[in-house]
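Data first, discussion second: the structure below is written as C-alpha cells.
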Amino acid sequence: MSAMLHNLLALCDTPRDNAMLRFGIANEYAKLQDWPAAAEQARLAIARQQDFSAAWKLLGKALAAQGEGAAALAVYREGIAVAQARGDIQAVKEMTVFARRIEKQQAACSGQGDA
C-alpha cells in the first residue's frame, strides 16, 4: 500500500470524508490495479456526489478492467448522461469512446457464435 493511499484511508469516516476523498482513494487503488477496491471507492464517491463525472468514468474503467463489460457499459452510459447534464464535454467524449470500445468487443464476441 502506498503512503498516499494509507494517508487517504486514514481520513475515511472523519468530517473530511467526501466524494473527492473517495475518488482519490479509488484513483490510488486503480494505480495499484486493485480494480474491485477502485470500483467500491468510486461507487462511494458517486453515492456522495451523484454528478461526479470523473467518478463515473473511473468506475467504468474499474469494471471493464475486471472483465465486467456489460456493467462497465451501463456505468459509462449513465456517466455520459450525468456529464452531459453538467456540461462536462471532455468526460462525455472520453466515456463515449470507452463505451464504443466495449460495444465493439461485445459485437465481435456475439458475432463469433454465429459463424
Side-chain angles (χ1 to χ4, degrees):
M1 178 183 310
S2 72
M4 174 66 82
L5 180 56
H6 178 75
N7 291 338
L8 291 173
L9 288 170
L11 297 172
C12 291
D13 300 320
T14 71
R16 297 184 71 186
D17 193 348
N18 59 27
M20 186 59 80
L21 173 66
R22 295 301 177 147
F23 177 73
I25 294 169
N27 263 326
E28 290 300 312
Y29 278 124
K31 288 177 189 176
L32 298 171
Q33 297 186 352
D34 184 341
W35 300 116
E40 177 185 354
Q41 293 298 319
R43 283 188 178 101
L44 290 171
I46 292 166
R48 286 165 170 77
Q49 183 180 335
Q50 184 72 23
D51 67 348
F52 198 158
S53 303
W56 284 100
K57 185 173 71 170
L58 183 54
L59 177 56
K61 178 180 178 175
L63 293 171
Q66 294 179 83
E68 297 180 37
L73 184 57
V75 164
Y76 283 138
R77 287 178 177 156
E78 191 165 354
I80 289 166
V82 166
Q84 285 173 329
R86 288 195 67 192
D88 191 348
I89 302 305
Q90 184 61 34
V92 170
K93 288 178 183 178
E94 292 174 9
M95 286 189 277
T96 299
V97 168
F98 300 145
R100 284 185 183 148
R101 286 181 189 157
I102 293 171
E103 289 168 344
K104 285 180 183 178
Q105 288 173 339
Q106 290 177 340
C109 288
S110 66
Q112 289 176 351
D114 297 337

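Just so we're clear, the structure is a prediction, and the values are computed from it rather than from any experiment.
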Might you confirm whether atom CZ of R86 has over 12 heavy atoms from other residues, nucleotides or ligands at distances under 6.0 Å? yes
State the CZ-CG distance between F98 and L73, to the nearest 0.5 angstrom. 13.5 Å
Quick one: CZ on R100 to NZ on K104, what's the gap to the nearest 0.5 Å? 8.0 Å
With rounding to the nearest 0.5 Å, note down the distance linking CD in Q41 to CG in N27. 11.0 Å
Members besides M4 in its Ile/Leu/Val/Met/Phe/Trp/Tyr cluster (side-chain heavy atoms under 4.5 Å): M1, L5, L8, L9, L11, L21, I25, Y29, L32
Please name the pair of heavy atoms, one in A42 and one in A55, separated by the smallest distance, quoted to 0.1 Å. CB-O, 3.9 Å
Test log, rule salt bridge (charged side-chain N to carboxylate O under 4.0 Å, His left out), inputs E28 and K31: CA-CA 5 Å; E28 290 300 312; K31 288 177 189 176; 3.0 Å; yes
Closest approach of K61 and Y76, non-hydrogen atoms and distance? N-OH, 3.0 Å
For the student: nearest non-hydrogen atoms of A19 and R48, plus distance: N-CD, 3.8 Å
Any link between L44 and V82 through a network of hydrophobic side chains (Ile, Leu, Val, Met, Phe, Trp, Tyr) touching at under 4.5 Å? no
Does F52 sit in a hydrophobic cluster with other residues, and if so which ones, taking ILVMFWY side chains as linked at heavy-atom separations under 4.5 Å, directly or through other members? M20, F23, L58
Quick one: does any side-chain atom of W56 pair with a main-chain N or O of Q50 as donor and acceptor, under 3.5 Å? yes
How close do L63 and A39 get, heavy atom to heavy atom, and via which atoms? CD2-CB, 4.4 Å
Got a list of side-chain donor-acceptor pairs under 3.5 Å for residues 89-96, not counting sequence neighbours?
residue, atom, partner, partner atom, Å
Q90, NE2, E94, OE2, 2.9
E94, OE1, K57, NZ, 2.3
T96, OG1, V92, O, 2.6

